[in-house]
Amino acid sequence: MNSMNVSNLERVAKQIRRNIVEMVGIGKAGHLGGSCSSADIATVLYFHKLRRKDDDLCWSDRDRLIFSKGHAALCQYAALAELGIIDRAELTRVKTLGGILQGHPDMVRCPGIEANTGSLGQGLSISLGLALAKRLDKSPARIYCIIGDGELNEGQCWEAAMAAAHYKVDNLVAIIDRNHLQATDETSKIMSCDRIDEKFRAFGWETLTVDGHNIEQIIEVLDKADTVEEKPVAIVAETVKGKGVSFAEGKVQYHNGTLTKDEYDEAIAGLL
Amino acid sequence: MAERNQRTAYGETLVELGGTNENIVVLDADLSKSTMGVLFKEKFPERHFDMGIAEQNLMSVAAGMALAGKVPFAASFAVFASGRAYDQLRQSIASARLNVKVCGSSSGLSDFGDGFTHQAVEDIALMRAMPNMTVFAPVDDLETERIVRYMAENEGPMYIRINRNPLQRVTSERDVFEFGKPAVLRDGKDITVFAHGVMVKKALDAAEDLSGTVDVKVVNVSTLKPLAEDEIVSAAAGSRGIVVAEEHSVIGGLCAAVSQAMRGHGIPIEFVAIQDMFGTSAQNYEELLEEYNLTTDAVINAISNVKKQHERGRS
């Protein structure tokens, strides 16, 4: 168990964002927006909530975090480096030939990655499989799955939503990173997906909402999810894409965009 | 000779394995009464998971179970297991070599009544092209048992394609399954026929019909990937011609794999396979096999053709 207080978590979240910006670098493309929108949620999970053992990454009763939105790989890499699971030096080799940090996460190459995601819509099903298997083993392990709001366009998300409620798994928590943007435009313009909590509730889930950038509230909502029985929990986390990098906040072009030298310097300065 | 369909062998073997290995779980997509996963469901209800009519979720849930140390067998009709869930198999299962066992049931034209929507003529091509995926096509019920057992006992993503209808036995209880090794079921020095599934028996019948005139070797290739190319080459060594017979598209299956293995050897080769076309409905399986020219006569004709090619090459 690795637990931290709120101000320390806020400090870690800032460092994670700095790592993300460094990996995006200057003049190279990188998924800045969605990585930053998930950063606070990931920080609370990795540094406070997940039951794990530093010396045994494969501990069978560990809690799992599945990033279904695999394009937020930079957020995972940034956190894994802060946890000491991967060497910080690896961050400089992201998306390079022979590196362990692929454009989308590869559990075969990178320790601490729990599943290969990146083709959107599959992570919730994978998480459900983990949840069912862990229940069968009477393991206390809990499974957390971060899903993008754009990702909910994928029909498979709803197949999984239906099945998770059918099987009444209460060791599964889906967190929807509701940043209102997808790859090329606002979610409302590409494919409307409003009232996400009501949709999950209609499928039979318990639903909760949270400010996805308020560390204290994220802790509270995750603790509340622990108490739900006989059904899975969906937390709709209201977020801002690019959060923490002021000029990129809410801007679709930073989904997988490049930073100029000036932008890079400004981003780093804002995260010191 | 006994006749038992391969899907019954699949279900019964899983029940047997489930009794000794608690990690085996079985998943279906509302077709357990066809795949015979229902036999496992009856015996071990807590370890059988019906995912409903949702093959994408079926495969990804199996992936999650494999990540938790389970040995999931996920089945649907071959056309859906390989096609509808291709991306799920590719992206998170094969890429990470997860221990997921996929059963493509009612493969080929064997679901004769339902027509092209339910007939997989290209599943082997799809599964062979996927990195890390192992591909099996058992010849009869006994070999299905042996391969299912192999799948349960060995790590990695694997695909088995099985037939809906009863098939005559061509192996015996004494036979053992050797992974990757093509099995010579009948020896012969003139022509070598490589086949899998339902076409093996037709090849054996063709060889019998021709006995006394042409000496035909029949090889059952039930491990389609990885294909033991050296074993294929040595089985064909000295033959005057090669015939490949399969209930699958001529593109991307055993025909392609054997051609690749035999490149540069200069031995004439002919195919008995489904041309580049979809299936169709018929009143029974045999009628459909005849329509697609997957018959003993077709194998005999192909043998005759490669023999002629060989003779022309010598003159």
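Lettering of chains follows the sequences in order, A, B, ..., and the numbering in each one begins at 1. Just so it is clear, the structure is predicted and the values come from calculations on it, not from any experiment.
Contacts between residues 60-86 of chain B and chain A, defined by a heavy-atom separation under 4.5 Å, are made by Ser60(B), Val61(B), Ala63(B), Gly64(B), Met65(B), Leu67(B), Ala68(B), Lys70(B).
Taking a 6.0 Å sphere around NZ of Lys28(A), one finds it holds more than 12 heavy atoms contributed by other residues, nucleotides or ligands.
In this structure, chain B has no heavy atom under 4.5 Å from any part of Arg109(A). Heavy atoms of Leu98(B) lying under 4.5 Å from chain A belong exclusively to its side chain.
Per-residue heavy-atom pair counts under 4.5 Å with chain A were compared for Asn57(B), Leu27(B), Ile53(B), and the maximum is reached by Asn57(B).
Side chains of Asn116(A) and Ser95(B): a donor-acceptor N/O pair is present below 3.5 angstrom, by distance only. Side-chain atoms of Asp28(B) and His48(B) include a donor-acceptor pair closer than 3.5 Å.
In this structure, Arg7(B) forms no cation-pi arrangement with Tyr10(B), as its terminal cationic atom is not both closer than 6.0 Å to the ring centre and no more than 45° off the ring axis.
With hydrogens and angles disregarded, no donor-acceptor distance shorter than 3.5 Å links the side chain of Lys225(B) to the backbone of Thr134(B). Between the side chain of Gln56(B) and the main chain of Gln88(B), no donor-acceptor pair closer than 3.5 Å is present.
Tyr150(B) has its ring centre less than 6.0 Å from the ring centre of Phe179(B).
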